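Just the heavy atoms: all of them, side chains too, but no hydrogens, waters or symmetry mates, feed the values below. These numbers were taken from a predicted model, which means no experiment stands behind them.
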Amino acid sequence: MLKDKFIRKPFFILLSLLILIIGCATNKEGVYESYQKSGKIEYYKPTEIRQRHVDSLNALRLEKGLREIVISHSLNSSAATHARDIYLQQRAWNFGSDGSSPQERAEVAGFIGVVIGENVSETFEGEFLLLQVWLENSFPRSILFDRNASHIGLGWFQEESGKIWWVQVLGKEPSLS
């Protein structure tokens, strides 16, 4: 019986350490990688997803000598609304089902300024790989690195299959000075 106590104690210590190590190795930052790896995007905090996306983009913009952009709640709203719309249309494009343009949707959402461009995508990937895809294509890249951009919105809609319809809108608000 005394022998069992000595065997159990190290076993529980090792088991506890193993659980701790596994816990550290899991996705604790809440980074959405993809449906297959992370589960549904709805389990993650939208503000954190957007901030990581903007932080990554801003790091790249700073490397090119461009100013940082900031998140716009109205552009987020415009992007999220359009993401659901392109899901319903089943095509990733810049036209609303009502014929609206990115500028018109941004204005309806309350954005005061000019929309520089809108990037759309349908993919199973998370916000980091999505940014990489847009950077590999000249038109989306030209929007991401437009020197006039000052604000950004990011929205998405996820299907039951895990496919995500992403929309990113960059705009320029008028100066307050």
Scanning both residues in full, the closest heavy-atom pair of Val115 with Ala106 reads CG2-CB, 3.5 Å
Do Ile49 and Leu135 sit in one hydrophobic cluster, given that two such residues count as connected whenever their side-chain heavy atoms are within less than 4.5 Å of each other, even indirectly?
yes
Would you mind telling me which of Leu131, Ile86, Leu154, Val133 makes a side chain to side chain contact (heavy atoms under 4.5 Å, CB included) with Trp166?
Leu154
Main-chain N/O of Phe139 paired with Asn137 side-chain donor or acceptor, under 3.5 Å
no
How far apart are the C-alpha atoms of Ile69 and Arg61, what are their side-chain angles, what is the distance that settles it, and do they pass the side-chain contact (heavy atoms from CB on, under 4.5 Å) test?
CA-CA 9 Å; Ile69 54 177; Arg61 287 177 62 87; 3.7 Å; yes
Enter the distance from Leu170:CG to Asp146:CG here, rounded to the nearest 0.5 Å.
8.0 Å
Pair listing, side chain to side chain donor-acceptor pair (under 3.5 Å) test, anchored in residues 107-124, at least two apart
Asn94-Glu118, Gln103-Glu107, Arg105-Glu118, Asn119-Gln168, Glu122-Lys163
Measuring only between side-chain heavy atoms, which start at C-beta, is Glu68 closer than 4.5 Å to Leu62?
yes
d(Glu63 CD, Asn58 CG) to nearest 0.5 Å is 11.5 Å
Can any side-chain N or O of Glu104 pair as donor or acceptor with the backbone N or O of Ser101 at less than 3.5 Å?
yes
Residue pair Phe157 / Ile164, side-chain heavy-atom distance below 4.5 Å
no
Counting N and O atoms only, with roles assigned by atom type, does the side chain of Arg67 sit under 3.5 Å from a partner on the main chain of Ala149, one being a donor and the other an acceptor?
yes
Run the side-chain contact (heavy atoms from CB on, under 4.5 Å) test on Ile71 and His151 for me, step by step, so that the C-alpha distance in whole Å, both residues' side-chain angles and the decisive distance to 0.1 Å come before the verdict.
CA-CA 6 Å; Ile71 294 173; His151 290 75; over 6 Å; no
Chi angles and distances behind the side-chain contact (heavy atoms from CB on, under 4.5 Å) call for Glu159, Trp165
CA-CA 8 Å; Glu159 294 181 21; Trp165 299 80; 2.7 Å; yes
Taken to the nearest 0.5 Å, the spacing of Leu66 CG from Leu144 CG works out to 10.5 Å
Show me the pairs that pass side chain to side chain donor-acceptor pair (under 3.5 Å) and involve residues 69-80, at least two apart or across chains.
Arg50-Asn76, Ser72-Ser74
At what distance, to the nearest 0.5 angstrom, does CZ of Arg52 lie from CG of Leu57?
15.0 Å
Taking the side chain as everything from C-beta on, heavy atoms only, tell me whether Ile152 gets closer than 4.5 Å to Leu75.
no
Is it true that Ile116 and Ile112 fall in one hydrophobic cluster, defined by side-chain heavy atoms closer than 4.5 Å?
no
